Amino acid sequence: MRTQVAIIGSGPAGLLLGRLLELACVQSVILESRSRDYVLGRIRAGVLESGTVELLERAGVAKRLHEEALVHDSCGIAFAGGQLSIDLKGLTGKSVTVYGQTEVTHDLMNARAASGAPSVYEAEDVALHDFGGTSARVSYRHQGVAHEVACDFIAGCDGFHGVSRRSIPASALKIFERVYPFGWLGLLSDVPPPWHELIYANSDRGFALASLRSPTRVRCYVQCSLEDRVENWSDEQFWDEFRRRIGDEMAARVPNAPSIEKSIAPLRSFVAEPLRFGRLFLAGDAAHIVPPTGAKGLNLAASDVLYLYESLRSFYREKSERGLDEYSPRCLKRIWRAERFSWWMTSQLHRFPDDAFGRRMQETELEYLFESRAAQQSMAENYVGLPFEPMGGS
Ligand SMILES: Cc1cc2nc3c(=O)[nH]c(=O)nc-3n(C[C@H](O)[C@H](O)[C@H](O)COP(=O)(O)OP(=O)(O)OC[C@H]3O[C@@H](n4cnc5c(N)ncnc54)[C@H](O)[C@@H]3O)c2cc1C
């Protein structure tokens, strides 16, 4: 098989890139190691920046999003018995949109299926070849048969544990990493949310987040130990702990609703530089991870994809390599800003073991946030999403 761009991974990054390229008449093949149902069953992000929504509109996959998504003009911070509502819209003119990553993936998969563009699910032993030169190859096995795709470029959109980043020689990558000494226990439940905005809580017992996915579905989290196991938490124990952390204003309204999913995710900050090696381009979680506190992971994957799409379109239309050369530095500017914000949110809202000085810093920082419009504006500006970098730096 021959194609212009071989895309590794059918998560939001790979699917969105495939869709944008298809609209620009650039061919692609998506190779995904898991089944379609497995990819759709993963419960992950849920907060979209307005720039991400605009990109989904541009990709022609935002119809259902506009019918079903919830637009939030504010988000809440609970701390020391008080609750602050950050007026995102008033402070920045922008809102955020609550629409599950599962739904984004679903809409993109449907659009790809309708277009007839090729995707291979359950592709085994995906391996990248010859991408240091002027073309590349990807090999894989499907239903026991060996296949190979010859291509101009490979887009490594296969997440943190994928094969793409690992295929680049270690000496060509610089890795920046921080692993946090705790995780998030998340619970999904089909119950109408008693809150009208996301609430991020810093309590003496640790962090909690009241979130939602739809008018009838809540997603809530509590900070937990890395050694903890989902089996250790009954639904009742989860809700009891969540009530103790989320603040008095909300606690009385929290229901004891049964879970439909519970999982534990570790928290990590990670960046691999650069995002390009020859004909291989990394995008999304393949190149960087943010702790979910700032709701940036999916949004950052979307901005990488926009930049990669623009670079490839310019290569095919104008025979220009400039966009490809600029891809990595252009991505990294926005990545590091999102890394900073996600690290800041994580640092201010969680309990860190044996850090009395850090606790005082958190108290001081959050008191300042509660009192200062300038501090709220800075947080709001980052939360709704910083602007995309234009191509050519203009
Ligand atoms: C548990 C969890 C909770 C999260 N919660 C939030 C949140 O609340 N807010 C937020 O903004 N972000 C959150 N994130 C982050 C967000 O979901 C990711 O940033 C987003 O999924 C990135 O999209 P992606 O397409 O780059 O990667 P992925 O979604 O990881 O997609 C990569 C795809 O590549 C496939 N793949 C992997 N290896 C191979 C291979 N060798 N060959 C072929 N295919 C392969 C995978 O199966 C997967 O389908 C969360 C992440 C996790 C794991």
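On a predicted model such as this, the values are computed, not experimentally measured, just so you know. We use all heavy atoms of the structure for the numbers below, so side chains are in, but hydrogens, waters and symmetry mates are not. Counting convention: from 1, in listed order, for ligands and their atoms alike.
- Ligand 1 is approached by Arg42 to a heavy-atom distance shorter than 4.0 Å.
- Taking a cut-off of under 4.0 Å to the non-hydrogen atoms of Val126, the atoms of ligand 1 that pass are 42 (N).
- Ligand-side atoms of ligand 1 in range of Pro12: 23 (O), 25 (O), 29 (O), range being under 4.0 angstrom from any heavy atom.
- Residues Asp87 and Arg373 are not paired through a salt bridge, judged by the lack of any N-O separation under 4.0 Å between the basic side chain and the carboxylate.
- In this structure, Asp152 pairs ionically with Arg2, as a charged nitrogen and a carboxylate oxygen lie closer than 4.0 Å.
- With hydrogens left out, the protein atom closest to atom 9 (N) of ligand 1 is Ala45 CB, 3.3 Å, a heavy atom.
- Listed by number with element, the atoms of ligand 1 under 4.0 Å from a non-hydrogen atom of Gly284 are 26 (O).
- Scanning Arg44, Gln101, Glu122 for the heavy atom closest to atom 4 (C) of ligand 1 points to Arg44.
- Tyr221 and Arg219 share a donor-acceptor pair across their side chains, judged by distance under 3.5 Å alone.
- Between Glu389 and Arg334 no salt bridge is recorded (no basic side-chain N to carboxylate O distance below 4.0 Å).
- In this structure, Phe238 and Phe242 have parallel ring planes: the angle between them is below the 30° cut-off, well short of the 60° mark.
- Using a 4.5 Å heavy-atom cutoff, the side chains of Met379 and Trp344 are in contact.
- Ligand 1 lies less than 4.0 angstrom from a heavy atom belonging to Ala295.
- Summary of contacts: the protein heavy atom closest to atom 37 (C) of ligand 1 is Asp158 O, 3.2 Å.
- The aromatic ring centres of Phe182 and Phe352 sit less than 6.0 Å apart.
- Inclusion of Asp285 in the set of residues having an N or O under 3.5 Å from an N or O of ligand 1 is warranted.
- Distances between N or O atoms of Gly14 and those of ligand 1 include no value under 3.5 Å.
- Here is the list of ligand 1 atoms found below 4.0 Å of a heavy atom in Ile8: 42 (N), 43 (C).
- Put simply, the side chain of Arg165 reaches to within 4.5 Å of the side chain of Phe160, judged on heavy atoms.
- Nearest to atom 46 (C) of ligand 1 by heavy-atom distance, out of Arg34, Glu32, Arg166, Lys296, is Glu32.
- The atoms of ligand 1 that sit less than 4.0 Å from any heavy atom of Leu31 are 43 (C), 44 (N).
- The protein heavy-atom contact nearest to atom 44 (N) of ligand 1 is Ser33 N, 3.2 Å.
- For atom 32 (C) of ligand 1, the nearest non-hydrogen atom from the set Ala286, Ala13, Cys157 belongs to Cys157.
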Could you walk me through whether Glu236 and Ser234 satisfy the side chain to side chain donor-acceptor pair (under 3.5 Å) test, starting with their C-alpha distance in whole Å, then the side-chain angles of each, then the deciding distance to 0.1 Å, before giving a yes or no? CA-CA 5 Å; Glu236 207 172 15; Ser234 68; 5.2 Å; no

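- Atom 1 (C) of ligand 1 has Ala265 CB, 3.8 Å as its closest protein atom, hydrogens excluded (heavy atom only).
- The distance from ligand 1 to the heavy atoms of Gly11 drops below 4.0 Å at these ligand atoms: 25 (O), 31 (O), 33 (C), 49 (O).
- For ligand 1, the atoms sitting less than 4.0 Å from at least one non-hydrogen atom of Gly159 are 27 (O), 30 (O), 32 (C), numbered in the order shown with element in parentheses.
- Side chains of Val96 and Leu198 form no contact here, defined as non-hydrogen atoms less than 4.5 Å apart.
- Side-chain N/O atoms of Tyr309 and Arg313 include a donor and acceptor closer than 3.5 Å.
- Using cut-offs of 30° and 60° for the angle between ring planes, the Trp336 and Phe176 rings count as perpendicular.
- Numbered from 1 in the order shown, with element, the atoms of ligand 1 that lie under 4.0 Å from a heavy atom of Gly162 read 38 (N).
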